[in-house]
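Everything on this sheet refers to the single structure shown next.
Only heavy atoms go into these numbers, but all of them, side chains included; no hydrogens, no water, no symmetry mates. Whatever order the structure lists ligands and atoms in, that order sets their numbers, starting from 1.
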Amino acid sequence: MPETMNAVVVSAHGGPENLEFRRVARPAPEAGQVLVKLSVAGVNYLDVAQRNGATALQAPFCAGVEGVGVIAALGTEVTGFAEGQRVGWLAGGQGSFSEFTVVEAPQVVAIPEGIDDFTAVAALMQGFTAHYLSHDTYALGPDDTVLIHAAAGGVGQWLTQMARLKGARVIGTVSTKAKEDVALANGAAHVIGYEGFADKVRELTGGEGASVVYDGVGKSTFAESLRALRIRGMLVAIGAASGPIPPLDVNSLAGLGSLAVTRPTVIHHVRTAEEISRRASEVFGWIASGAISVPPVTHYDITEVVQAFTALESRRTTGKLVLVHPRS
Ligand SMILES: NC(=O)c1ccc[n+]([C@@H]2O[C@H](COP(=O)([O-])OP(=O)(O)OC[C@H]3O[C@@H](n4cnc5c(N)ncnc54)[C@H](OP(=O)(O)O)[C@@H]3O)[C@@H](O)[C@H]2O)c1
């Protein structure tokens with residue numbers, strides 16, 4: 001009989017009610033993979049997209065894409081890691097809400113001493129995403145005014161702090177007064193509501209517009225985000241928390257000011273061990289030095305996975321949501 005483990009399985013595409021606890025076969029690491037016993041797992045919009053059927057992943061599948069744990073076994077051809085080592089990942093480890101998962105070795109992140117599991121998992125998806133968005137997709141600098149939607153959210157808080165580290169001025173959108181306070185505490189210079197945000201950005205930039213807009217809200221903001229940009233500005237569409245981004249007529253970008261639009265994903269920015277290690281060194285370095293404060297982490301027992309999804313999708317959260325696996 002093969003060994004089994006507890007897993008959270010998406011039985012069919014749809015809402016959180018389609019998350020089921022099941023016993024499934026424990027995976028074994030193949031060449032180039034490590035087997036990890038989970039300690040904590042992050043809950044992300046990518047999990048929502050997979051569950052809803054917005055990605056290519058076919059149901060049923062083991063849910064969870066991000067986690068931190070201890071290496072239980074190494075596949076052949078894996079070098080640079082050891083059994084018992086504490087590691088994390090935000091890609092290459094599908095099934096992270098299970099007790100064990102296999103992770104592709106190039107995607108494994110070594111967690112430095114002094115960074116606990118909760119801090120580490122909070123830094124992976126949202127911290128690494130903010131890193132590539134502020135350094136690679138658009139290299140922010142002191143001359144930039146940037147509009148960050150959902151500035152009090154998980155990515156929003158990291159991105160605001162990184163933009164400030166690079167000297168940029170941040171305008172953030174939020175939906176409530178409590179979230180306004182969170183965005184200001186992270187260093188946003190101006191925090192505004194969603195109503196008429198493009199006009200407000202123009203007012204705050206002397207009519208010029210923002211150099212870049214980071215838009216993870218999608219359906220309800222996308223068209224207006226284009227109108228918040230300066231000539232030759234860039235719209236970085238990072239997600240769709242409010243629903244799918246509407247189709248775009250590329251020809252319209254000329255009339256709107258020779259704009260650039262990109263739709264990047266973190267998966268293509270953590271492809272090699274070198275890239276992972278460069279981002280990890282900066283992100284964990286800023287945490288250790290105090291240059292960046294890690295947004296608050298809300299813990300859920302793994303048995304509360306449905307509650308965690310419901311909280312994320314109902315717009316109630318401001319930081320990282322983490323599922324805690326039982327210790328054994
Ligand atoms: N492309 C990438 O590489 C990448 C990587 C990670 C995450 N993401 C994306 O980045 C975005 C933020 O992710 P996150 O994990 O940090 O989540 P989050 O920002 O903590 O949560 C989403 C936020 O979006 C705002 N929002 C506006 N309209 C909404 C609606 N109708 N329903 C739900 N939320 C709405 C809410 O903030 P307010 O209430 O203040 O409006 C909400 O808190 C998501 O779109 C996610 O898919 C992209």
Side-chain angles (χ1 to χ4, degrees), residues 15-16 41-52 54-55 64-66 89-91 107 121-138 147-162 170-186 188 191-195 197 212-222 224-225 235-245 261-271 275 279 283 294-298 308-323:
V43 183
N44 294 295
Y45 263 94
L46 180 53
D47 300 306
V48 176
Q50 290 184 345
R51 196 202 65 212
N52 286 342
T55 73
V65 296
E66 175 193 45
W89 61 94
L90 64 149
Q107 261 81 49
V121 80
L124 289 167
M125 182 68 82
Q126 279 77 13
F128 284 38
T129 294
H131 187 273
Y132 87 77
L133 290 173
S134 55
H135 290 68
D136 300 306
T137 306
Y138 187 105
L147 174 63
I148 299 177
H149 284 306
V155 173
Q157 292 191 57
W158 284 96
L159 196 48
T160 300
Q161 294 189 59
M162 283 184 206
V170 174
I171 303 172
T173 52
V174 296
S175 63
T176 65
K177 173 72 179 92
K179 289 186 177 184
E180 177 181 343
D181 294 341
V182 170
L184 288 170
N186 279 278
V191 183
I192 60 179
Y194 291 95
E195 184 80 32
F197 69 82
V212 55
V213 177
Y214 293 105
D215 190 341
V217 172
K219 183 178 180 181
S220 63
T221 49
F222 183 81
E224 193 168 342
S225 291
L235 173 52
V236 186
I238 62 166
S242 70
I245 297 166
V261 177
T262 182
R263 178 38 177 115
T265 164
V266 67
I267 308 297
H268 299 137
H269 294 81
V270 290
R271 293 177 67 217
E275 200 166 27
R279 298 199 197 284
V283 172
V294 177
V297 174
T298 307
F309 270 91
T310 306
L312 181 66
E313 292 171 75
S314 63
R315 216 168 166 169
R316 291 203 303 269
T317 59
T318 58
K320 181 77 181 185
L321 277 62
V322 172
L323 298 172

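- Residues Val191 and Val174 approach most closely at CG1-CG2, 3.5 Å, considering heavy atoms.
- For the pair Arg263 and ligand 1, a heavy-atom separation below 4.0 Å is found.
- Residue Ser220 places no heavy atom under 4.0 Å from ligand 1.
- A salt bridge links Lys177 with Asp181: the distance from a Lys NZ or Arg NE/NH1/NH2 to an Asp or Glu carboxylate oxygen falls below 4.0 Å.
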Trace of the side chain to side chain contact (heavy atoms under 4.5 Å, CB included) decision for Glu66 with Val322: CA-CA 10 Å; Glu66 175 193 45; Val322 172; over 6 Å; no
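- Proximity of His149 to ligand 1, defined as any heavy-atom pair under 4.0 Å, is not found for any part of the residue.
- Close contacts between ligand 1 and Tyr132 involve ligand atoms 1 (N), 2 (C), 3 (O) [criterion: under 4.0 Å to a heavy atom].
- The nearest protein atom to atom 15 (O) of ligand 1, hydrogens excluded, is given as Gln126 NE2, 3.0 Å; this is a heavy-atom distance.
- Of the possible donor and acceptor atoms, none in the side chain of Gln157 sits under 3.5 Å from a partner among the backbone N and O of Pro295.
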Verdict with reasoning, Ser225 to Phe197, per side chain to side chain contact (heavy atoms under 4.5 Å, CB included): CA-CA 8 Å; Ser225 291; Phe197 69 82; 3.7 Å; yes
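- Nearest protein neighbour of atom 32 (N) of ligand 1, counting heavy atoms only, is Ala241 O, 3.3 Å.
- Ranking protein heavy atoms by distance to atom 8 (N) of ligand 1, first place goes to Ile238 O, 3.7 Å.
- Of the possible polar contacts, none joining the His268 side chain to the Pro264 backbone as a donor-acceptor pair under 3.5 Å is found.
- Among the atoms of Leu312, none of the N or O lies under 3.5 angstrom from an N or O of ligand 1.
- The shortest contact between atom 46 (C) of ligand 1 and any protein heavy atom is with Tyr45 CB, 3.5 Å.
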Audit row: Leu90, Val65, side chain to side chain contact (heavy atoms under 4.5 Å, CB included) steps and yes/no: CA-CA 6 Å; Leu90 64 149; Val65 296; over 6 Å; no
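- With a heavy-atom cut-off of 4.0 Å, Ala152 does not touch ligand 1 at all.
- Of all heavy-atom pairs between Ser242 and Ser220, the closest is OG-N, 3.0 Å.
- Put simply, the side chain of Tyr214 gets close to the backbone of Leu133: a donor and an acceptor are under 3.5 Å apart.
- Annotation: atom 36 (C) of ligand 1 to nearest protein heavy atom, Arg315 CG, 3.4 Å.
- Of the possible donor and acceptor atoms, one in the side chain of Gln107 sits under 3.5 Å from a partner among the backbone N and O of Val270.
- Of the candidates Val48, Asn44, Thr129, it is Thr129 that places a heavy atom closest to atom 5 (C) of ligand 1.
- Under a 4.0 Å criterion applied to the non-hydrogen atoms of Gly153, ligand 1 contributes the atoms 18 (P), 19 (O), 20 (O).
- Set against the non-hydrogen atoms of Ala240, the atoms of ligand 1 under 4.0 Å away are 45 (O).
- Residue contacts with ligand 1: Thr173 is placed with no nitrogen or oxygen under 3.5 Å of a nitrogen or oxygen of the ligand (distance criterion only).
- When hydrogens are left out, the protein atom nearest atom 16 (O) of ligand 1 is Val155 N, 2.6 Å; that is the closest non-hydrogen contact.
- Not a single donor-acceptor pair under 3.5 Å links the side chain of Gln161 to the backbone N or O of Asn186.
- When hydrogens are left out, the protein atom nearest atom 43 (O) of ligand 1 is Lys179 NZ, 3.3 Å; that is the closest non-hydrogen contact.
- Any N or O atom pair closer than 3.5 Å counts here, and Val174 shares no such pair with ligand 1.
- Below 3.5 Å of separation, one finds an N or O of Pro264 facing an N or O of ligand 1.
- Geometrically, ligand 1 and Glu313 share no nitrogen or oxygen pair separated by less than 3.5 Å.
- Between Asp136 and Arg279 there is a salt bridge, with a side-chain nitrogen of the basic residue lying less than 4.0 Å from a carboxylate oxygen of the acidic one.
- Ligand-side atoms of ligand 1 in range of Ala150: 23 (C), 24 (O), 25 (C), 37 (O), range being under 4.0 angstrom from any heavy atom.
- Within ligand 1, the atoms closer than 4.0 Å to a non-hydrogen atom of Ser242 are 28 (N), 30 (C), 31 (N), numbered from 1 in the order shown.
- Atoms of ligand 1 found under 4.0 Å from any heavy atom of Tyr194, numbered from 1 in the order shown, are 38 (P), 40 (O), 41 (O).
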Audit row: Phe309, Val48, side chain to side chain contact (heavy atoms under 4.5 Å, CB included) steps and yes/no: CA-CA 8 Å; Phe309 270 91; Val48 176; 3.9 Å; yes
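- For ligand 1, one of its N or O atoms has an N or O atom of Gly216 under 3.5 Å away.
- Taking the six-membered ring where the residue is Trp, His131 and His135 present parallel rings, their angle staying beneath 30° rather than reaching 60°.
- Every atom of ligand 1 is numbered from 1 in the order shown, and the set under 4.0 Å from a heavy atom of Val266 is 2 (C), 3 (O).
- Within the model, atoms CD1 of Ile245 and CG of Asp215 stand 7.0 Å from one another, a figure rounded to the nearest 0.5 Å.
- Counting only heavy atoms of the protein, atom 20 (O) of ligand 1 lies nearest to Gly154 N, 2.9 Å.
- Summarising the local packing, CZ of Arg271 is surrounded by 12 or fewer heavy atoms from other residues, nucleotides or ligands at distances under 6.0 Å.
- The closest approach between a heavy atom of Val217 and any atom of ligand 1 is below 4.0 Å.
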